[in-house]
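Computed from a prediction, not measured in an experiment: that's the story for all the values here. Note that these values count all heavy atoms, side chains included, but never hydrogens, waters or copies made by symmetry.
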Number of protein chains: 2
Amino acid sequence: MGKHTETLRRMGRTSTRGREGILRILEETSIPLSPKDIRERFPEPKPDTATVYRNLSLLSSLGLVRSVALHERCRRYEAAGEGIHRHRVVCRGCGRIEAFQVTTCHLAGIEADIRRRFGFKVTDHSLEFFGSCPECRKKEGAK
Amino acid sequence: MGKHTETLRRMGRTSTRGREGILRILEETSIPLSPKDIRERFPEPKPDTATVYRNLSLLSSLGLVRSVALHERCRRYEAAGEGIHRHRVVCRGCGRIEAFQVTTCHLAGIEADIRRRFGFKVTDHSLEFFGSCPECRKKEGAK
DNA sequence: ATTGCAAATGCAAATATATTGCAAGCATGG
DNA sequence: CCATGCTTGCAATATATTTGCATTTGCAAT
């Protein structure tokens, strides 16, 4: 009877080890994880890969997790709790990822503009910064 | 002797059909294309898939194209010309993509902040909006 | 124009990532 | 505790991306 049982039940879903586990794992980390990362962090017995994908897809449709695209070969996921709004910085050199919380998000104006111009109703957005971390800058001769 | 021959030579690379083609194709479209899309737009004889991938990787490291992550299973690419700065709106319902140019990008302040807090030097960023396009809103009963 | 060499390409095979069908197992309501 | 339907594991499949290697091409120096 995990911490998220209630949440899942309220949404008409059964609470299972796979689902509880994913939610717990994603809450414990500050950077988004790939399906593989997630599976590896499960204690034995690890759920099947297919189960991880199916549950990520379900939790995502319930809005409990959210996918983050960092220009890699695979997607990553993060917990999508209320009011949590994170952006990220990704190092092009070593792939290191830092997450940071933004105090105010300046993008509300743009979203209204999009509604006006395209009729699109924006539900969320994704903002990532790319560059070089201190270590990689050092290696490359401090640009 | 294509339009991009000079650019490539200046960067110490040979100008080939594959590279010229990719740059031309990406300039002709307003939305980012997948490697598959790109290959399909080549006139016969189409280059091999591996060639497309290798060239995208090269052009990307030269900064002539840039990858765009839209939470799909594959990456997309767009031309990365000087001063060109695009954002996108993606419909979660049908996958439709619209691109729009921003006049001023409000993010310079954040980038400075990142430099201060993490020592990361930001070279670029990626901003995408997700939501429902007019058609999908209609189908779903206008939310 | 011809030639030599490094770099680019095609092709096939290997990996990595993601999805699906189906039989067996588990969660929940009665 | 039992029946039911949703979940899971497993194997097979689909899709995306990468790699090795032999061949061809681009291009600079004849």
Side-chain angles (χ1 to χ4, degrees), chain A residues 1-25 32-62 64-65 67-77 95, chain B residues 1-25 32-62 64-65 67-77 95:
Chain A
M1 209 85 325
K3 183 178 161 193
H4 304 280
T5 311
E6 267 316 301
T7 315
L8 286 163
R9 293 244 182 100
R10 234 180 300 121
M11 302 183 119
R13 305 300 168 141
T14 60
S15 163
T16 65
R17 198 176 95 92
R19 292 169 192 177
E20 297 273 342
I22 290 177
L23 292 172
R24 179 183 52 71
I25 289 166
L33 301 178
S34 69
K36 199 180 175 197
D37 293 336
I38 294 172
R39 195 181 104 92
E40 280 165 4
R41 298 192 185 200
F42 266 89
E44 298 292 346
K46 303 192 185 307
D48 192 74
T49 312
T51 301
V52 174
Y53 278 99
R54 280 187 283 229
N55 280 332
L56 281 171
S57 156
L58 174 82
L59 295 172
S60 174
S61 75
L62 296 178
L64 298 174
V65 308
S67 79
V68 178
L70 298 183
H71 298 214
E72 296 169 307
R73 203 159 60 187
C74 65
R75 294 178 208 167
R76 288 173 178 263
Y77 292 82
Chain B
M1 208 87 322
K3 181 178 162 194
H4 302 98
T5 310
E6 267 316 302
T7 314
L8 286 163
R9 293 247 181 101
R10 234 181 300 118
M11 302 182 119
R13 305 299 168 144
T14 60
S15 162
T16 65
R17 200 175 94 94
R19 293 169 190 177
E20 298 274 340
I22 290 177
L23 291 171
R24 178 183 53 71
I25 289 167
L33 301 178
S34 69
K36 199 179 176 199
D37 292 336
I38 293 172
R39 193 181 105 91
E40 279 166 5
R41 298 193 186 201
F42 266 88
E44 297 292 347
K46 302 191 185 308
D48 191 75
T49 311
T51 301
V52 175
Y53 277 98
R54 280 187 283 230
N55 281 331
L56 281 171
S57 156
L58 174 82
L59 295 172
S60 175
S61 74
L62 295 177
L64 298 174
V65 310
S67 79
V68 177
L70 299 183
H71 298 215
E72 296 168 307
R73 203 160 71 184
C74 66
R75 294 177 206 168
R76 289 174 177 264
Y77 292 83

S.K.: Tell me whether the OP1 or OP2 atom of C:dT9 has a side-chain N or O from B:T16 closer than 4.0 Å.
M.R.: yes

S.K.: For a quick test of reading the model: is some side-chain N or O of A:R9 closer than 4.0 Å to OP1 or OP2 of C:dT28?
M.R.: yes

S.K.: Tell me the interatomic distance from A:L8, atom CG, to D:dC6, atom C1', rounded to whole angstroms.
M.R.: 13 Å

S.K.: At under 4.0 Å, does any side-chain N or O of A:T14 touch on OP1 or OP2 of D:dT7?
M.R.: yes

S.K.: Please report the distance, rounded to the nearest Å, between CZ in B:F42 and C1' in C:dG10.
M.R.: 14 Å

S.K.: For the pair made of NZ in A:K36 and C1' in D:dA16, what is the distance, rounded to whole Å?
M.R.: 15 Å

S.K.: Give B:R75 one of three labels, base, sugar-phosphate or nothing, depending on what nucleic acid heavy atoms sit under 4.0 Å from its own.
M.R.: sugar-phosphate

S.K.: Please determine which of B:M11, B:R13, B:R19 meets the side chain to side chain contact (heavy atoms under 4.5 Å, CB included) test together with B:L64.
M.R.: B:M11

S.K.: Is it the case that A:S34 and A:D37 place a side-chain donor and acceptor less than 3.5 Å from each other?
M.R.: yes

S.K.: Is there a donor on the side chain of A:R54 or the base of D:dG9 sitting less than 3.5 Å from an acceptor on the other?
M.R.: yes

S.K.: Does A:T51 put a side-chain nitrogen or oxygen below 4.0 Å from OP1 or OP2 of D:dG9?
M.R.: yes

S.K.: Taking atom P of D:dT8 as reference, at what distance in whole Å does atom CZ of A:R39 sit?
M.R.: 14 Å

S.K.: Within less than 4.0 Å of OP1 or OP2 of D:dT18, is there a side-chain N or O belonging to B:Y53?
M.R.: no

S.K.: Assuming nearest nucleotide by heavy-atom distance, tell me which of B:R73 and B:A50 is located more 5' along DNA chain C.
M.R.: B:A50

S.K.: Using atom CD of A:E72 as one end and atom C1' of C:dT15 as the other, report the distance to the nearest whole Å.
M.R.: 17 Å

S.K.: Which whole-number value in Å describes the distance from B:R76 CZ to D:dA16 P?
M.R.: 11 Å

S.K.: Both distances under 3.5 Å, Watson-Crick or G-U wobble: report the partner of D:dT30, or none.
M.R.: C:dA1

S.K.: With the threshold set at 4.0 Å, does a side-chain nitrogen-carboxylate oxygen contact exist between A:R76 and A:E72?
M.R.: yes

